[in-house]
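Notes follow once the structure below has been shown.
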Amino acid sequence: SARESDGPPRRFYTPDLDTVVNNRIAMRSGLSRALERGEFSLVYQPKVDLKTWTVCGCEALLRWRSPDLGNVSPADFVPELEETGLINAIGEWVLETACRKRRLLIDRGHSKVRMAVNLSVRQIRPAFIPALIAILKRTGLEPNDIELEITESVLMKDSGEIVLLLQQLADLGVHLALDDFGTGYSSLAYIKMMPLDTIKIDRSLITDIATGAEDAEIVRAVIDMGHSMSRRIVAEGVETEQQVAHLRRLGCDEIQGYLFSRPIPGPELLKLLAGLASPS
Ligand code: C2E
Ligand code: MG
Ligand code: MG
Ligand code: MG
């Protein structure tokens with residue numbers, strides 16, 4: 001089934017330092033050739049509108065299948081891509097692949113399904129803008145066809161250059177989302193100054209929402225203040241019906257999580273959308 005297709009990735013949980021170091025070396029040399037060897041792929045996780053219970057978007061998530069290491073989690077290899085600078089080339093491959101998928105979705109009548117791509121802080125540099133424009137041109141998309149997810153830690157860097165580049169992206173019409181909100185220490189007052197359309201509340205705040213009164217109050221505050229700043233609110237990592245019911249009561253706009261769907265390959269996404277679209 002669709003839910004099982006993105007099985008558990010292999011992580012390197014080991015107390016043995018030699019093994020850790022050897023794995024890192026193996027990972028690094030593997031990553032440097034992975035793009036040309038076609039070892040990367042994208043899976044897509046739907047976002048669901050809580051009012052209509054329809055798919056209103058999806059997020060592209062990078063997968064790496066190494067011939068030596070098997071499936072490696074992005075939590076392990078993305079930091080390595082960032083450290084080595086490979087994230088720029090691979091990030092552009094991700095963007096172009098996701099844009100081609102968005103083009104296909106539009107052509108199949110699913111133009112309401114937005115496409116979101118995760119962006120590393122290392123990618124936010126002046127050369128990114130012309131690269132993005134070239135990709136949009138090649139794939140026949142407008143800037144507002146895509147959304148870029150930027151983690152909260154990026155904004156914490158408080159770099160004037162990053163804020164300027166985000167503003168340029170927003171001026172182009174690209175949608176910007178703040179990813180993993182609640183894991184850092186940025187205040188909503190700070191977010192107010194940023195050109196962000198969407199706030200994604202991190203899974204760590206959603207997990208206990210139906211049982212822990214405190215987290216529920218924090219999420220309520222984020223949703224209310226986010227709405228007062230005209231931001232759309234997405235809850236990440238939603239796994240239970242109880243969480244959905246709670247988020248609905250709190251007025252959350254969209255949810256994403258294993259309850260509705262795990263990240264799935266492109267063809268499965270199209271099947272899922274086709275199934276939901278047919279009324280019979
Ligand atoms: P993220 O952008 O916050 O993505 C959400 C992560 O939570 C994904 O993990 C997703 O599979 C997982 N997830 C979604 N729903 C649930 C749920 O209900 N329960 C649980 N337990 N987990 C859920 P994934 O795919 O392993 O990605 C981890 C992180 O790696 C991403 O976090 C993102 O920061 C980074 N990443 C993934 N793809 C890319 C990429 O193309 N570029 C960059 N720069 N980073 C990426
Ligand atoms: Mg994300
Ligand atoms: Mg996230
Ligand atoms: Mg994350």
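We count ligands from 1, going down the list as the structure has it; atoms in each ligand are counted the same way.
Considering just the N/O/S atoms of Glu236, the one nearest the Mg ion (ligand 3) carries the name OE2. Distances from the Mg ion (ligand 2) to the N/O/S atoms of Glu59 are shortest for OE2. The closest approach of Glu149 to the Mg ion (ligand 2), by N/O/S atoms, is made by OE1.
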inquiry  = Run the side-chain contact (heavy atoms from CB on, under 4.5 Å) test on Leu136 and Leu172 for me, step by step, so that the C-alpha distance in whole Å, both residues' side-chain angles and the decisive distance to 0.1 Å come before the verdict.
reply    = CA-CA 12 Å; Leu136 291 173; Leu172 272 176; over 6 Å; no
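The cluster map of Ile, Leu, Val, Met, Phe, Trp and Tyr, joined by side-chain heavy atoms under 4.5 Å apart, puts Phe128 and Leu196 in the same cluster. When hydrophobic clusters are built by joining Ile, Leu, Val, Met, Phe, Trp and Tyr residues whose side-chain heavy atoms come closer than 4.5 Å, directly or via intermediates, Leu35 is grouped together with Val94. A chain of hydrophobic side-chain contacts below 4.5 Å, direct or via other Ile, Leu, Val, Met, Phe, Trp or Tyr residues, connects Val238 to Trp53.
Every atom of ligand 1 is numbered from 1 in the order shown, and the set under 4.0 Å from a heavy atom of Ser120 is 44 (N). Atoms of ligand 1 found under 4.0 Å from any heavy atom of Asp179 (numbered from 1 in listed order, with element): 1 (P), 2 (O), 3 (O). Under a 4.0 Å criterion applied to the non-hydrogen atoms of Gly257, ligand 1 contributes the atoms 15 (N), 18 (O). Counting atoms of ligand 1 from 1 in the listed order, those under 4.0 Å from a heavy atom of Glu239 are 17 (C), 18 (O), 19 (N), 20 (C), 21 (N). Ligand-side atoms of ligand 1 in range of Val238: 18 (O), range being under 4.0 angstrom from any heavy atom.
Contacts of Arg63 with ligand 1, taken as heavy-atom pairs under 4.0 Å, involve the side chain alone. Proximity of Val94 to ligand 1, defined as any heavy-atom pair under 4.0 Å, is confined to the side chain (atoms from C-beta onward). The part of Glu236 lying near ligand 1 is the side chain, judged by heavy-atom distances below 4.0 Å. With a 4.0 Å heavy-atom cut-off, ligand 1 is reached by the side chain of Asp180 but not by its N, CA, C or O. For Gln45, every heavy-atom contact with ligand 1 shorter than 4.0 Å involves the side chain, none the backbone. Of all the heavy atoms of Arg203, the ones lying under 4.0 Å from any atom of ligand 1 belong exclusively to the side chain.
A salt bridge links Glu217 with Arg220: the distance from a Lys NZ or Arg NE/NH1/NH2 to an Asp or Glu carboxylate oxygen falls below 4.0 Å. A salt bridge does not link Lys47 with Glu254: every distance from a Lys NZ or Arg NE/NH1/NH2 to an Asp or Glu carboxylate oxygen is 4.0 Å or more.
Distances from the Mg ion (ligand 2) show that Asp179 has an N/O/S atom below 2.8 Å. The Mg ion (ligand 3) has Asp180 among its coordinating residues (N/O/S atom, backbone or side chain, under 2.8 Å). For the Mg ion (ligand 2), the set of nearby N, O or S atoms under 2.8 Å includes one belonging to Asn118.
Proximity of a side-chain donor or acceptor of Ser73 to a complementary backbone N or O of Ala75 within less than 3.5 Å is detected. Distance alone, capped at 3.5 Å, places no donor-acceptor pair between the Asp253 side chain and the Val234 backbone. With hydrogens and angles ignored, the 3.5 Å screen pairs a side-chain donor or acceptor of Arg102 with a backbone N or O of Val113. For the pair Arg248 (side chain) and Leu50 (backbone), a donor-acceptor distance under 3.5 Å is present.
For Glu59, a nitrogen or oxygen atom sits less than 3.5 Å from a nitrogen or oxygen atom of ligand 1, counting backbone and side chain alike. The N/O atoms of Leu62, backbone and side chain alike, include one that comes under 3.5 Å of an N/O atom in ligand 1.
In summary, the side chains of Glu92 and Asn88 do not present any donor paired with an acceptor at a separation below 3.5 Å, with no hydrogens or angles considered. Ser66 and Asp68 share no side-chain donor-acceptor pair at under 3.5 Å.
Between Gly91 and ligand 1 there is no heavy-atom distance shorter than 4.0 Å.
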